[in-house]
Amino acid sequence: MTATATRVLVLNSGSSSVKYQLIDMNDGTRLAVGLVERIGEQTSRLAHTPLAAGGDKRETEGAIADHDAALKAVAAELAADGLGLDSPQLAAIGHRVVHGGLKFTEPTVIDDAVLKEIERLVPVAPLHNPANLTGIRTAQAMRPDLPQVAVFDTAFHATMPEYAARYAIDVETADAHRIRRYGFHGTSHAYVSRKTAALLGKDPSEVNVIVLHLGNGASASAVAGGRCVDTSMGLTPLEGLVMGTRSGDIDPAVTFHLKRVAGMSTDEIDVLLNKKSGLIGLCGDNDMREIRRRIDEGDERAELAFDIYIHRLKKYIGAYSAVLGRVDAVAFTAGVGENAAPVREAAVAGLEEMGMAVDASLNAIRSDEPRLISPEYARVAVAVVPTDEELEIAQQTYALVNA
Ligand code: AMP
């Protein structure tokens, strides 16, 4: 890395998509952002926005066969703006890796041993880690000389005490198959809990925060003095809150029942609980905007879905208040948490005895900035804190390659 290398390319490789951001670490400026979707189909789409050049979004459609072709197309777009992957200003590539298991609790420079270990974790993250690996290998082939860093979704939760991380099942069976609660969305929970402390004018070590990451996927975490002590997702992202398409918490016996009585296969049950449950299973929509619109029109199914979503959220706020003992702040983040004022209002309604309240006029304000929405008298700060997983990945990557 040269002294002038201050840029980090962040890659988030999914099974059929690649999201990317090129960030200047001097001030966190986005130089370019983009997304390749439907990789492997005839109708692949690349949307690239050259923010540094002040340019408009450029969209191209047409078959992109695989991740290799996708990354080459991204590199060509970046090069067209003078931001090519061969630039000496590029310090590193930071990769989002979903599952780091017990081994990876920190961002890690990727070498062959690290790749092998990420591969060894495929059985516990069959949907995510293979795609992440493909993205890493493709990027390595393009810039073999450049540090490539893995930032793990599970890492922030590695501080959970054993009694929070273990399921109450036979220990030998659990250990033989690495079954335990790992948690996900860790970069978001880390970033948002830190930002919330800053909003309160405190050091992260001084505050206890409940972070509610409510996107299409959703998870809650209890963060005590900057360290995660509990989180709602488990072995996989299926556990916990009601999500856009996932059920969240469910009696495990439902799965036996579906198998024995409904005759469903394991794969069918997997699809049911991960893709056809949650809000979409309850009312046919997983977009909170649409659900609110339907509720305003008097749609009872949408209303029941909303109520189930809020009830679960409230249970986690209560549970994590008990886990933390003292709560200084509740922070809402991600697509729903940052934008859906009715969700924030309903989740906190009735919790005045716990020191939590939302001020209606503050809650109605729309902004991209971290902000308090609780009234001055409330003992617990309720905040909206926009997440920025890409910036967090870039910062962790940059800090590691400069260490
Ligand atoms: P994420 O996974 O963080 O990108 O969040 C995506 C989800 O955020 C969508 O499925 C919507 O349910 C929700 N969302 C985005 N914008 C809004 C909005 N303006 N109002 C309510 N919900 C929103």
Side-chain angles (χ1 to χ4, degrees), residues 10 12-21 30 33-35 37 47 49 96 98 127-128 153 183-193 195 211-221 231-233 236-238 240-248 274-297 299 301-310 312-313 331-348 358 360 362-371 373 383-393:
V10 176
N12 181 351
S13 308
S15 55
S16 65
S17 69
V18 176
K19 284 189 213 146
Y20 62 94
Q21 293 197 359
R30 264 47 171 199
V33 301
L35 166 70
E37 291 174 293
T49 308
R96 174 185 183 219
V98 168
L127 296 180
H128 295 104
D153 252 29
F184 297 89
H185 292 144
T187 49
S188 179
H189 287 284
Y191 180 86
V192 170
S193 56
K195 280 270 171 188
V211 178
L212 303 170
H213 176 111
L214 311 177
N216 197 32
S219 62
S221 69
T231 193
S232 60
M233 285 177 166
T236 77
L238 183 55
L241 300 174
V242 175
M243 311 184 205
T245 67
R246 298 190 190 113
S247 63
N274 275 297
K275 300 242 154 72
K276 298 184 181 172
S277 296
L279 292 171
I280 206 156
L282 289 166
C283 75
D285 271 308
N286 62 333
D287 192 313
M288 195 50 83
R289 286 163 287 204
E290 188 57 19
I291 292 170
R292 290 304 311 174
R293 195 191 59 71
R294 284 173 54 186
I295 293 172
D296 289 343
E297 287 178 353
D299 185 320
R301 258 184 87 193
E303 188 164 5
L304 179 60
F306 184 82
D307 290 347
I308 294 169
Y309 183 94
I310 296 295
R312 184 82 51 86
L313 203 48
F332 287 89
T333 195
V336 175
E338 291 168 29
N339 296 297
V343 168
R344 300 191 296 254
E345 182 191 332
V348 176
V358 161
L362 292 176
N363 193 30
I365 295 170
R366 298 191 64 84
S367 160
D368 293 335
E369 295 297 316
R371 58 202 184 271
I373 58 168
V384 182
V385 180
T387 192
D388 196 337
E389 290 166 279
E390 289 78 15
L391 183 61
E392 179 71 18
I393 292 171

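All values reported here derive from a predicted model rather than from experimental measurement. As the structure lists them, so they are numbered: ligands from 1, and atoms in each ligand from 1.
- Protein heavy atom nearest atom 22 (N) of ligand 1, with residue, atom name and distance: Met288 CB, 3.5 Å.
- Contact atoms of ligand 1 toward Gly215: 1 (P), 2 (O), 3 (O), 5 (O) (distance under 4.0 Å to a heavy atom of the residue).
- Taking a cut-off of under 4.0 Å to the non-hydrogen atoms of Asn216, the atoms of ligand 1 that pass are 1 (P), 2 (O), 5 (O), 6 (C).
- Here is the list of ligand 1 atoms found below 4.0 Å of a heavy atom in Ala340: 21 (C).
- Those atoms of ligand 1 that come under 4.0 Å of a heavy atom in Val336, given as number and element, are 8 (O), 12 (O), 13 (C).
- Looking at Asn216 and Arg246, their side chains never bring a donor and an acceptor atom within 3.5 Å of each other.
- Aromatic ring orientation, His189 versus His185: tilted (interplanar angle from 30° to 60°).
- Arg96 places no side-chain N or O within donor-acceptor distance of the main-chain N or O of Asp153, the cut-off being under 3.5 Å.
- Scanning the protein heavy atoms around atom 11 (C) of ligand 1, the nearest turns out to be Asp287 OD1, 3.5 Å.
- Side chain of Ser247 to main chain of Ser277: no donor-acceptor pair is present (N/O by atom type, distance under 3.5 Å, no hydrogens or angles).
- For ligand 1, none of its N or O atoms has an N or O atom of His213 under 3.5 Å away.
- In this structure, atom 1 (P) of ligand 1 has protein heavy atoms in its sub-4.0 angstrom surroundings.
- With hydrogens and angles disregarded, a donor-acceptor distance shorter than 3.5 Å links the side chain of Ser232 to the backbone of Ala220.
- Near Asn286, the atoms of ligand 1 lying under 4.0 angstrom from a non-hydrogen atom of the residue are 10 (O), 12 (O).
- Here the heavy atom of the protein found nearest to atom 23 (C) of ligand 1 is Gly335 O, 3.7 Å.
- Checking side-chain atoms of Arg344 against main-chain N and O of Asn363 turns up a donor-acceptor pair under 3.5 Å.
- Protein heavy atom in closest approach to atom 21 (C) of ligand 1: Arg289 CG, 3.5 Å.
- In this structure, Glu37 places its CD atom where more than 12 heavy-atom neighbours from other residues, nucleotides or ligands lie under 6.0 Å away.
- Asp287 has no carboxylate O lying under 4.0 Å from a charged side-chain N of Arg293, or vice versa, which leaves the two without a salt bridge.
- For atom 19 (N) of ligand 1, the nearest non-hydrogen atom of the protein is Asn339 CB, 3.4 Å.
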